[in-house]
Colleague: 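Here you go, one structure.
Lettering follows sequence order; numbering is per chain, from 1.
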Number of protein chains: 2
Amino acid sequence: MQRLSYQRQAILNLINTSNHHWDAEEISRTLSDQGESVGIATVYRGLAALESAGLIESIQLDNKKRYERANKAHHDHLICESCGSIKEFIHPEIEQLQQNICTDNQFSMNGHQLLIFGTCNTCRQNKGVSL
Amino acid sequence: MQRLSYQRQAILNLINTSNHHWDAEEISRTLSDQGESVGIATVYRGLAALESAGLIESIQLDNKKRYERANKAHHDHLICESCGSIKEFIHPEIEQLQQNICTDNQFSMNGHQLLIFGTCNTCRQNKGVSL
DNA sequence: CCTGATAGTGATAATGATTATCATTTGCAT
DNA sequence: ATGCAAATGATAATCATTATCACTATCAGG
Ligand SMILES: [Mn+2]
Ligand SMILES: [Mn+2]
Ligand SMILES: [Zn+2]
Ligand SMILES: [Zn+2]
């Protein structure tokens, strides 16, 4: 990425001023609503460029990629299959155990992704189901 | 799934007699090579049916779903980004810590997926790079 | 200030994985 | 044998993403 164009700045601002995990289409639509419409192909290219520059991060969720701010500590995700909400958690012990697994398997880690699927507290209460 | 049709049986046999993580197209092509060709739509439907019956399991890898035998203990995956090989590991302590996270967050887990990306030993040696 | 060179844009076509449609076939139950 | 729902397979459609290509913006020299 040689230039942080107006469009890419808009994408970055949107992501950086939220705690949302955005997909490309959401970003396109939101920018459009804000009157600063950016072509969908430009959104995809911008997201890829911003990610490889380390300015944003992504998770692969189901069959679509979602982007979030990079300026927070590494974390993993709890995903509610009922409402789609995403909650973050940090667990240094698990991170360390993952390193151990890689050592044991002579595997050099580049990254990892831990997704926990289930039902969030709010959704469970709405259905009147106990833990 | 009311009937385990000839086609679904063929898919299930293929998966159950291997340790491979299959995608739909691989299954279609392999069955075709074995002379028991099954339509690609039927492969997709069969995989979904077999999975919801608990006879096979899947992981979402990048943008495609891969299926494997269900008759082995729960495990997670090390994925080599260089050669695409998938190695399995079992780590009860991590499993337990995940449960703890869910309890802490009042989240009821339905499942999880831990993918570790990196470079396997073979690929690293081929490049002459040390750990 | 011009002038290239080139990165970036946006409309749109193309791709790849998956799902939907629909006419036809299969497997049972009456 | 008849009826009927489930399953199949060819194919169209969908959805996310990438490729193409003509055009625009930016910037370094001259
Ligand atoms: Mn996050
Ligand atoms: Mn496996
Ligand atoms: Zn929820
Ligand atoms: Zn490898």
Side-chain angles (χ1 to χ4, degrees), chain A residues 1-15 20-68 79 81 84 86 113 115, chain B residues 1-15 20-68 79 81 84 86 113 115:
Chain A
M1 188 171 61
Q2 287 78 348
R3 300 176 206 151
L4 188 53
S5 66
Y6 171 81
Q7 289 87 339
R8 291 179 180 180
Q9 186 65 65
I11 295 169
L12 184 58
N13 283 348
L14 187 57
I15 293 173
H20 192 67
H21 299 80
W22 301 85
D23 65 42
E25 186 276 334
E26 275 178 324
I27 289 177
S28 172
R29 183 161 31 81
T30 304
L31 290 178
S32 207
D33 291 349
Q34 295 179 2
E36 40 190 349
S37 179
V38 172
I40 186 65
T42 301
V43 171
Y44 276 104
R45 278 180 304 228
L47 288 170
L50 291 168
E51 182 175 27
S52 71
L55 298 174
I56 58 177
E57 286 181 357
S58 74
I59 58 175
Q60 178 78 31
L61 223 168
D62 195 42
N63 64 337
K64 79 172 60 166
K65 219 167 177 181
R66 305 192 83 102
Y67 294 85
E68 64 177 316
I79 294 134
E81 292 172 322
I86 300 178
Q113 183 168 302
L115 300 176
Chain B
M1 187 170 61
Q2 286 78 348
R3 301 173 205 155
L4 187 52
S5 65
Y6 171 80
Q7 290 86 341
R8 291 179 180 180
Q9 186 66 66
I11 295 169
L12 184 57
N13 282 348
L14 187 58
I15 292 173
H20 192 68
H21 298 80
W22 300 85
D23 64 42
E25 186 276 335
E26 274 178 325
I27 289 177
S28 171
R29 183 161 32 79
T30 304
L31 290 178
S32 208
D33 291 349
Q34 295 179 2
E36 39 190 350
S37 181
V38 172
I40 185 66
T42 302
V43 171
Y44 276 103
R45 279 182 302 227
L47 288 169
L50 291 168
E51 181 176 27
S52 71
L55 298 173
I56 59 176
E57 285 181 356
S58 73
I59 57 175
Q60 177 79 31
L61 224 166
D62 195 42
N63 64 336
K64 78 171 62 164
K65 220 167 176 180
R66 307 191 82 102
Y67 294 85
E68 64 176 315
I79 292 134
E81 292 172 323
I86 300 178
Q113 184 167 305
L115 300 176

Colleague: Only pairs at least two apart or in different chains count here, so list each ring-ring contact (aromatic ring centres under 6.0 Å, His included) that has a residue in residues 21-43 of chain B.
Modeller: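 Residue pairs passing ring-ring contact (aromatic ring centres under 6.0 Å, His included), neighbours aside: His20(B)-Trp22(B), His21(B)-His77(B).
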Colleague: Do Glu68(A) and Ile86(A) have side chains that get closer than 4.5 Å, going by heavy atoms?
Modeller: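 SC-SC contact between Glu68(A) and Ile86(A) ruled out.
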Colleague: Kindly write out the residues that satisfy side-chain hydrogen bond (donor to acceptor under 3.5 Å, both in side chains) with Asn13(A), not counting sequence neighbours, or none if the list is empty.
Modeller: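 Result, side-chain hydrogen bond (donor to acceptor under 3.5 Å, both in side chains) vs Asn13(A): Gln9(A).
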Colleague: Please list all pairs meeting salt bridge (charged side-chain N to carboxylate O under 4.0 Å, His left out) that have one or both residues in residues 25-39 of chain B, counting only residues at least two apart or in different chains.
Modeller: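 Sorted pair list: Glu25(B)-Arg29(B), Glu26(B)-Arg66(B).
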Colleague: Any heavy-atom pair between the side chains of Leu14(B) and Gln34(B) that's under 4.5 Å?
Modeller: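 Yes, their side chains come closer than 4.5 Å.
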Colleague: Does Ser37(A) have any side-chain contact (heavy atoms from CB on, under 4.5 Å) partners at least two apart in sequence or in another chain, and if so, which?
Modeller: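 For Ser37(A) the side-chain contact (heavy atoms from CB on, under 4.5 Å) partners, ignoring immediate neighbours, are Ser32(A).
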Colleague: Please give me every residue in residues 26-36 of chain A whose heavy atoms get under 4.0 Å of an atom in DNA chain D, ordered by residue number.
Modeller: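 None - not one residue of the stretch has a heavy atom sitting under 4.0 Å from the strand.
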Colleague: Met1(B) versus Leu55(B): any side-chain heavy-atom pair under 4.5 Å?
Modeller: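 SC-SC contact between Met1(B) and Leu55(B) confirmed.
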Colleague: When the distance from CE of Met1(A) to P of dG8(C) is rounded to whole Å, what number comes out?
Modeller: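 Interatomic distance, CE of Met1(A) to P of dG8(C): 8 Å.
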Colleague: When every nucleotide of nucleotides 9-19 of chain C is labelled 5' to 3' by its protein contacts under 4.0 Å (heavy atoms), B for base, S for sugar-phosphate only, - for none, what sequence of letters results?
Modeller: BBBB----SBB
Colleague: Any N/O pairs under 3.5 Å between the protein and nucleotides 24-27 of chain D? List them or say none.
Modeller:
| unit_1 | atom_1 | unit_2 | atom_2 | d |
| --- | --- | --- | --- | --- |
| dT26(D) | O2 | Arg3(A) | NH2 | 3.3 |

Colleague: Can I get a per-line list of side-chain donor-acceptor pairs under 3.5 Å for residues 43-50 of chain A, giving both atom names and the distance, sequence neighbours left out?
Modeller:
| unit_1 | atom_1 | unit_2 | atom_2 | d |
| --- | --- | --- | --- | --- |
| Arg45(A) | NH2 | Thr42(A) | OG1 | 3.3 |

Colleague: Would one find a side-chain N or O of Gln2(B) under 4.0 angstrom from OP1 or OP2 of dA7(D)?
Modeller: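 Yes, within the criterion.
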Colleague: Could you state the atom-to-atom distance from CD of Gln9(B) to P of dG27(C) in whole Å?
Modeller: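 After rounding, the reported distance stands at 13 Å.
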Colleague: Which value, rounded to the nearest 0.5 Å, describes the distance between Leu61(A) atom CG and Ile79(A) atom CD1?
Modeller: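 Rounded to the nearest 0.5 Å, the CG-CD1 separation comes out at 4.0 Å.
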Colleague: Which pairs with one or both residues in residues 51-62 of chain A pass salt bridge (charged side-chain N to carboxylate O under 4.0 Å, His left out), sequence neighbours excluded?
Modeller: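 Residue pairs with at least one partner in residues 51-62 of chain A: Glu51(A)-Lys65(A).
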